[in-house]
Amino acid sequence: MKSHYRVVVIGGGIVGASVLYHLARKGWSDIALIERAELTAGSTWHAAAGFHAINDDPHIAALQAYTIRLYQEIEGESGQSVGMHMPGGYSIATTPARWEWLQSEFAVYQTLGIDARLATPDEIVAECPIVDPAGLLGGLFDPHEGAVDPHGTTHAFAIAARTRGADVILRNRVLGLTSRADGHWIVDTEKGAVIAEHVVNAGGLWARRVGRMVGVDLPLTPMQHHYLITEDLPELLARRNEMPCVTDLEGFTYLQQERKGVILGVYERNPRHWKPEGADWDYGMELLPEDIERISPELLIGFSRFPTLAKAGIRKWVNGAFTFTPDGNPLVGPVPGVRNFWVACGCMGGFSQGGAIGRVLSDWMVEGDPGTDIFGMDVARYGAFASNDRYLRDTTAQFYARRFVIAYPNEELPAGRPLKTTPAFDSQRQLGARFGVVWGMESPQYFATGEPDFVDPPTLRRSAADRFVAAEVAATRAAAGLLDTGVYGRYEVRGPAAAAWLDHVLASRLPATGRMRLAPMLNPAGRLMGDLTVTKLDEGRYWLVGSYGLQEWHLRWFRDHLPASGVEIENLSESWLGFSLSGPHSRAILASLTNGDVSDRGLPFLGCARLNVGPTTAFVARLSLTGELGYEINVPALQQRALWHALLEAGTPLGMRPIGMRAQDSLRLEKGYGVWSLEFSTSVTPAMAGLQRFVALDKGDFIGRAAELAARAGDAPQRLVLLDIDSPDADATGYEPVHLDGQRIGYVTSGAYGHHVRRSLALAYVDTALSRTQDPLSVTIIGVPRSARILGAPPYDPAGSRLRG
Ligand SMILES: Cc1cc2nc3c(=O)[nH]c(=O)nc-3n(C[C@H](O)[C@H](O)[C@H](O)COP(=O)(O)OP(=O)(O)OC[C@H]3O[C@@H](n4cnc5c(N)ncnc54)[C@H](O)[C@@H]3O)c2cc1C
């Protein structure tokens, strides 16, 4: 062990070993992995080590495909066998709903470029003779499913890293971490202290404890997981080829061949946590006692789906622990607010994702950018609320128990809720609001007006709640709609250098005092980091408004780019709340509550003003996402309830209705407006997203300008277009493929029924050369191709005259 390293990676499981290897591969050889015991001593050694390419997040799916491709390379480079076998795998359907869902997923996988195919029951049984065909309706075959040897694979990464100059230090626990003034870490270990410029927490089962060494409580917790290994099965003894893996989605089990027997793993509906704070420091390579009674309901389903298992001898039971986060994705990247401290943990699929985590983290550390859109794994997608023990317990249990359960687009899951509510919550609930959740904040989706017992049955098709949504859309177009904007992120930026700094981080020009602008924010590669609005309140005082769920992510970016002095940023996202009031009567409603001038002259489009609105002291900005005349009325959080009641009282006689996010989606799609995480993300450029007109190349330098200039020399590969789809019963929800003459030319980002224009609408990225085609297209929704066409202009108010009031 040397006295100084550029990077110390804590933990020698599959993830830490991959991080070490990838850093070495990028040329950082002055690095070390410090492992408490032996390599693989955490979750890794007893993993079933199965892998697959399929994931609903396309970026994570691409990274999983990378992990799988890497196995052979790493075996070649290290000379260490990884024991890879890849017979492919079937996800099987035994209910009509599941079969329909698999067909719909298949279309999504086509979009993602995942090589999969649908299979008939006969095909499945021919290849997997131990499957009972009773009730089998079909399956989806992923050719990239298989397994590796966890020990060999971890060692292969470590050997290859060592060959490239990295140190691997075993039997040496990291005891503590102290930050120095220069940002470097003093890493205290059982064998003495070392200095590290960067520390990576790849502590797996202990990662929460390692986080606490730097005062960070990470949102992850270990849970138990069982599988069994059978003795040889006669059906497999007779075969030469390895049988494909089988996941029985209705049965909560997965199965893979192990020698001439099988591994049967269970995702039980009654899961158990284990050591919520992380394993004890002296926890060895031990198995947990098996709890067969608890998992027996799922085992029984497994034995009936694979009847031969009921007669087979069990060679071994394995009950081990690995870590889960609330959404089941890992925690990767620099921890907001802790300099030079990185995480690569919370990984439940180390053998599908470990290679990829190493790649993105090393890109991030060496190049300053993860190189691809990895928001779905970014540690900054969570805030402190997610590390609460009860929240973690409830959300991780929900994720585990629903691992194979269909997720419907109109379904809201209950765990960890309600946590954050705006002061109007109870009143909204009394009016029939049904809520969704963003970053722990309850947000009305629609109001089941007059039907207190209404329940929205989960469906892939148009939801039963659409009649409420239609009424909200109609009210907004004819009179006014009132939307709770508790799910906006709000920041005040102030100080003598505020303007210069904003000019540097935003790609737009800055507004004049009392005005606002739409402000794309770019990274150095010219890809979007935000679709903010910027408002100038006074000299040296601005507001930025973005997405509530991006708070930690945006604040990390802001802080990383702050000058030493002259700029202060205050996060107002939970201290200011408000409403969006929009519709032709919105001005009259607002005027009835204020003495301020809200005429087109007093408060023009994209203008803002401090106004008394009813009893509240508000900051009002004139814009809307509905395409109507509209106002965003922001107030200190404690006044939000008073504002709600004042607006209801003034607006109801004029036909105003409270509306939810589903109505907002319908309204915005009628105008073709994109939103963050669906149309806008770090994978797209302003040219692709149609935001180029908001980028001010002539204002001087700003982050991403050089890349944007270069991009303008060529053509963006894809462009965002609005589609009109002939679909009587279902709308696109995202990632449905778009075809022209049988060729896939793009994919949907979001869709909804336009209740006012009475059309099924969707936004989609399509190949630029075809983005103006008037030829008939097709969009595959729930497995069925539906005819579609590109709209040259939004179907509602294409001239934008209503928005400008
Ligand atoms: C029964 C079971 C079946 C599974 N099946 C699969 C499967 O089929 N496919 C799949 O992809 N995944 C599977 N998994 C999950 C998989 O095991 C994990 O995703 C993976 O092992 C996580 O690796 P890791 O490197 O993050 O953590 P770990 O393997 O837990 O490694 C963390 C390492 O950090 C070390 N460490 C911690 N703190 C310190 C410290 N202070 N100082 C020094 N060292 C420290 C530990 O000793 C440990 O070696 C399974 C897990 C179990 C338990």
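All ligand and atom numbering here is 1-based and tracks the order in the structure. This structure is a prediction, so every number in the text was calculated from the model and none was measured.
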May I have all residue pairs that pass salt bridge (charged side-chain N to carboxylate O under 4.0 Å, His left out) and include part of residues 27-36, sequence neighbours excluded? Lys2-Asp30
Just checking, Arg209 and Trp206: is the charged tip under 6.0 Å from the six-membered ring centre and within 45° of the axis? no
With a 4.5 Å limit on heavy-atom distance, are the side chains of His46 and Glu286 in contact? no
Note, Val246 side chain near Tyr254 side chain (heavy atom, < 4.5 Å): no
Provide, line by line, the atom pairs where ligand 1 and the protein bring an N/O atom each to a distance under 3.5 Å; else say none.
from	atom 1	to	atom 2	distance (Å)
ligand 1	5 (N)	Ala48	N	3.1
ligand 1	8 (O)	Ala49	N	3.1
ligand 1	8 (O)	Gly50	N	2.9
ligand 1	9 (N)	Gly50	N	3.4
ligand 1	9 (N)	Gly50	O	2.9
ligand 1	11 (O)	Gly50	O	3.4
ligand 1	11 (O)	Gly350	N	3.2
ligand 1	11 (O)	Phe351	N	2.8
ligand 1	17 (O)	Ser43	O	3.4
ligand 1	19 (O)	Cys347	O	2.7
ligand 1	19 (O)	Gly350	N	2.9
ligand 1	21 (O)	Thr44	N	3.3
ligand 1	21 (O)	Thr44	OG1	2.9
ligand 1	23 (O)	Thr44	OG1	3.4
ligand 1	25 (O)	Ile14	N	3.3
ligand 1	25 (O)	Val15	N	3.0
ligand 1	29 (O)	Ser43	N	3.0
ligand 1	29 (O)	Thr44	N	3.0
ligand 1	29 (O)	Thr44	OG1	2.5
ligand 1	30 (O)	Ser43	N	3.0
ligand 1	30 (O)	Leu205	N	3.2
ligand 1	41 (N)	Val174	O	3.1
ligand 1	42 (N)	Val174	N	2.9
ligand 1	44 (N)	Arg36	N	2.8
ligand 1	47 (O)	Glu35	OE1	3.4
ligand 1	47 (O)	Glu35	OE2	2.6
ligand 1	47 (O)	Arg36	NE	2.8
ligand 1	47 (O)	Arg36	NH2	3.3
ligand 1	49 (O)	Glu35	OE1	2.7
ligand 1	49 (O)	Glu35	OE2	3.2
ligand 1	49 (O)	Gly42	N	3.4

Quick one about Tyr400 and His225 (side-chain donor to acceptor, distance below 3.5 Å, no hydrogens or angles considered), yes or no? yes
Is there a donor-acceptor contact under 3.5 Å linking the side chains of Thr396 and His273? yes
